[in-house]
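Notes follow once the structure below has been shown.
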Amino acid sequence: TLGQKMAFIIIVELERQGVQQLNEFRFMVSEDERVQQCYFITGQGDFTLICSSRDIEDFEDLTQILFITNPNVKWFRTSLVMERTKVSLEVPLDIT
């Protein structure tokens with residue numbers, strides 16, 4: 001629908017994964033309001049980001065700032081979210 005932001009899922013692999021480099025990346029993504037969620041992961045890549053942008057130009061700006069000009073980003077893969085089937089951050093806890 002018109003007026004909705006675009007959403008992206010981005011997997012990022014860093015060139016170096018030392019404590020300092022990891023913390024620098026964490027700080028950088030934490031400071032950008034377009035990054036809604038950031039997960040340090042195992043498997044393919046080092047981080048998974050959930051991002052939103054106003055339009056494709058805004059997204060291109062995000063990729064320039066966080067990935068393309070960052071010398072420690074080895075690669076990043078982007079998927080455009082086509083539909084939000086379910087969105088929740090709640091974790092069901094059975095406390096009985």
Side-chain angles (χ1 to χ4, degrees):
T1 34
L2 292 174
Q4 284 191 334
K5 291 186 174 189
M6 300 175 77
F8 300 88
I9 299 170
I10 305 166
I11 299 175
V12 182
E13 183 168 314
L14 301 180
E15 195 69 48
R16 293 168 307 286
Q17 295 88 11
V19 173
Q20 180 179 346
Q21 290 89 359
L22 293 172
N23 286 337
E24 287 171 358
F25 186 78
R26 287 178 180 119
F27 178 78
M28 195 174 191
V29 298
S30 296
E31 291 294 301
D32 197 304
E33 64 185 14
R34 295 169 291 191
V35 179
Q36 297 177 322
Q37 298 174 49
C38 176
Y39 301 95
F40 183 47
I41 61 170
T42 62
Q44 187 173 6
D46 296 312
F47 289 92
T48 296
L49 309 177
I50 310 297
C51 302
S52 67
S53 65
R54 291 184 308 275
D55 51 34
I56 197 66
E57 290 80 15
D58 188 37
F59 179 71
E60 288 173 351
D61 180 63
L62 174 76
T63 61
Q64 276 291 338
I65 292 168
L66 294 183
F67 313 126
I68 295 172
T69 60
N70 185 334
N72 196 36
V73 171
K74 186 173 187 178
W75 57 258
F76 67 99
R77 306 281 186 271
T78 302
S79 296
L80 171 64
V81 174
M82 300 293 291
E83 174 187 318
R84 291 173 178 89
T85 304
K86 179 179 180 179
V87 178
S88 174
L89 294 177
E90 291 185 35
V91 178
L93 298 176
D94 186 11
I95 307 174
T96 55

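Everything numeric in this text was worked out from a predicted model, so none of it was measured. Numbers for residues simply follow the sequence, beginning at 1.
- The shortest non-hydrogen separation linking Arg84 to Lys5 is NH2-O, 3.6 Å.
- Within a 6.0 Å sphere centred on CZ of Arg26, other residues, nucleotides and ligands contribute more than 12 heavy atoms.
- A donor-acceptor pair shorter than 3.5 Å cannot be found between the side chains of Gln17 and Gln21.
- Judged by distance alone, the side chains of Gln36 and Ser52 do bring a donor and an acceptor atom under 3.5 Å apart.
- Among pairs with a residue in residues 48-73, those fulfilling ring pair (Phe, Tyr, Trp, His ring centres under 6.0 Å) read Phe8-Phe59, Phe67-Phe76, at least two apart in sequence or across chains.
- Under the 4.5 Å side-chain heavy-atom criterion for ILVMFWY residues, a single connected hydrophobic cluster contains both Ile56 and Ile68.
- Side-chain contact check for Gln37 versus Leu89: some heavy-atom pair is nearer than 4.5 Å.
- Grouping Ile, Leu, Val, Met, Phe, Trp and Tyr by side-chain contacts under 4.5 Å, direct or through others, leaves Val19 on its own.
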For this session: I would like to know whether Ile10 and Ile50 meet side-chain contact (heavy atoms from CB on, under 4.5 Å); could you show each step before the answer?
Result: CA-CA 7 Å; Ile10 305 166; Ile50 310 297; over 6 Å; no

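- For the atom pair CG of Leu49 and CZ of Phe25, the computed distance is 5.0 Å after rounding to the nearest 0.5 Å.
- Using a 4.0 Å cut-off between charged nitrogen and carboxylate oxygen, Asp46 and Lys74 do not count as a salt-bridge pair.
- Atom-to-atom distance recorded for Leu80:CG and Ile9:CD1 is 9.5 Å, nearest 0.5 angstrom.
- Put simply, the side chain of Asn70 never gets that close to the backbone of Ile65: no donor and acceptor are under 3.5 Å apart.
- Atom OH in Tyr39 sits 13.0 Å away from atom CD1 in Ile11 (nearest 0.5 Å).
- Here the side chain of Thr69 pairs a donor or acceptor atom with the backbone of Gln64 at under 3.5 angstrom.
- Remark: Met6 CE to Asp55 CG distance equals 7.5 Å, nearest 0.5 Å.
- Other residues, nucleotides and ligands contribute at most 12 non-hydrogen atoms within 6.0 Å of the CD atom of Glu33.
- For the atom pair Leu14 CG and Glu24 CD, the distance stands at 10.0 Å (nearest 0.5 Å).
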For this session: For Cys51 and Leu62, run side-chain contact (heavy atoms from CB on, under 4.5 Å): C-alpha distance rounded to whole Å, both residues' side-chain angles, the deciding distance at 0.1 Å, then the answer.
Result: CA-CA 9 Å; Cys51 302; Leu62 174 76; 3.9 Å; yes

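- Heavy atoms only, all atoms of each residue included: Phe47 and Cys38 are closest at CD2-SG, 3.6 Å.
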Problem set entry | Derivation of the salt bridge (Lys or Arg N to Asp or Glu O under 4.0 Å) call for Arg34 and Asp61 | CA-CA 10 Å; Arg34 295 169 291 191; Asp61 180 63; 3.0 Å; yes

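- Residues Val29 and Trp75 are members of separate hydrophobic clusters, defined by side-chain heavy-atom contacts under 4.5 angstrom among Ile, Leu, Val, Met, Phe, Trp and Tyr.
- No single ILVMFWY cluster, assembled from side-chain heavy atoms under 4.5 Å apart, contains both Ile41 and Val35.
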